[in-house]
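Heads up: the structure comes next, in structure tokens.
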There are 2 protein chains.
Amino acid sequence: MAKKDIRERIVEAASHRFHEFGYNATGIQDIVDAAKIPKGSFYAHFKSKEALGLEVLSDDARDTEATLTLNDETSPVERLREHFNILVSDYHRLKYRSGCLIGDFASELASNPNFRQATLHHHSEWSNNLEAVIRQGQARGEIDASRDSGVLARYLLDSFLGAVLRSRIARSQDAYDDFLEVCFDILLVKGPTASPMATKK
Amino acid sequence: MAKKDIRERIVEAASHRFHEFGYNATGIQDIVDAAKIPKGSFYAHFKSKEALGLEVLSDDARDTEATLTLNDETSPVERLREHFNILVSDYHRLKYRSGCLIGDFASELASNPNFRQATLHHHSEWSNNLEAVIRQGQARGEIDASRDSGVLARYLLDSFLGAVLRSRIARSQDAYDDFLEVCFDILLVKGPTASPMATKK
DNA sequence: ATTCAAAAGATGACCAGTCGTCTACATCTC
DNA sequence: GAGATGTAGACGACTGGTCATCTTTTGAAT
């Protein structure tokens, strides 16, 4: 077994467990059991549980980022919609048992300086990307240009993370449906004349 | 020391720790140290750590609920604003180190059936209350009646919980400022003519 | 190409500490 | 004194991490 393969198995096993059970409720033994490696080997690949956690968080953020197209000819609003739809379909596939690490680590590990800093960094990167696309939407007249793109982006991300929380306790798509409806019918719209939600039903 | 006083000290100590460090990172020893009781006494008051956690969650939800006036002559929108302002001022007082248990338990304990169920229950109660007030706002013409009050309420709560997450990692008021701005300038407004955010700056 | 010693990597048993819980004993109350 | 209540510290399980020992790889010499 190549060293790289083992390392990736550890990361993958940890990622699954962190997503479903959280960081503190996931032990090293759980991870190495899932990765089918001896426990002592873990430390040949990672210095510590924390080092693994930070790497898994970083990978998660990178994967999330990849689902948002920053520069493209297509409609910025549609790109945003596609971004969230991809994320939501992942949660659906996992039967709404999985959280989002940025939200979960913000919640569970905010008192750990290293995690707090890393989580804040990734959160900001994400909302900056959302903002860039929103700004494009404003430039193309798809989104009301009188709205502060930064405020919108950050709010959007907050509400998405909140929707992830709800979906996990409810084990349901409802939170995402609500999220998509308000975002695309009220927030990310052309101007003061938002389309009424009632007519969507 | 009266038995009731000891019990309340345990609840208070646990509440603080759960809010700042989360459930799994808070041990019974931490709680009894903070409550200044012997560890063995804990089980004279609570059957288990889980029983304490559920009670602290319930207390937290009750306290939060008390900050929203459901029936009153005053403006529903202002009541909603006051509700969130009270919550935010608490977080400010605690230097943004505190989370919201409904959000945090949704994140950290979603895989525990008892916590998931209780958290979902309290989350729903909260959003139902928000919905009732939003509906009053719609009846009084303060909030666009073409919006689905249930969708709005749930979305609002999701976004607030997301703002709490951000405020904790950023240790800052920004998330709440963004939340209040979007909610009261875009979502909870009279009709299709939302006041532009740019003019608020 | 082969051999061998050194270096690097892997690992199972072990470590000290923490965890939530329990219970024998101590203390209190009536 | 009897019964109720409180509690110190033990318990068994688990935690993240260490390390002595074994295995594999590497690179130099022939």
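We name chains A, B, ... by the order of the sequence lines, and we start the count at 1 in each one. Values below: every heavy atom of this structure, side chains too, minus hydrogens, waters and symmetry copies.
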For [Y], is there any backbone N or O sitting under 3.5 Å from a side-chain donor or acceptor partner on [X]?
{"X": "B:S41", "Y": "B:I37", "result": "no"}
{"X": "A:E131", "Y": "A:S149", "result": "no"}
{"X": "B:K49", "Y": "B:T26", "result": "yes"}

Please state how far atom [atom1] in [X] lies from atom [atom2] in [N], giving the value in whole angstrom units.
{"X": "A:F46", "N": "C:dG9", "atom1": "CZ", "atom2": "C1'", "result": "16 Å"}
{"X": "A:I6", "N": "D:dT23", "atom1": "CD1", "atom2": "C1'", "result": "13 Å"}
{"X": "B:D33", "N": "D:dA8", "atom1": "CG", "atom2": "C1'", "result": "14 Å"}

Letter per nucleotide, 5' to 3', of nucleotides 13-30 of chain C [B base touched, S only sugar-phosphate touched, - untouched; heavy atoms, 4.0 Å]: -------BBB--------

B:F115 ring center near B:F105 ring center (under 6.0 Å):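 Here the rings of B:F105 and B:F115 have centres that are less than 6.0 Å from each other.
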
Shortest non-hydrogen contact from B:Y96 toward B:S167: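 Where B:Y96 meets B:S167 most closely, the heavy atoms are CB-O, 3.5 Å.
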
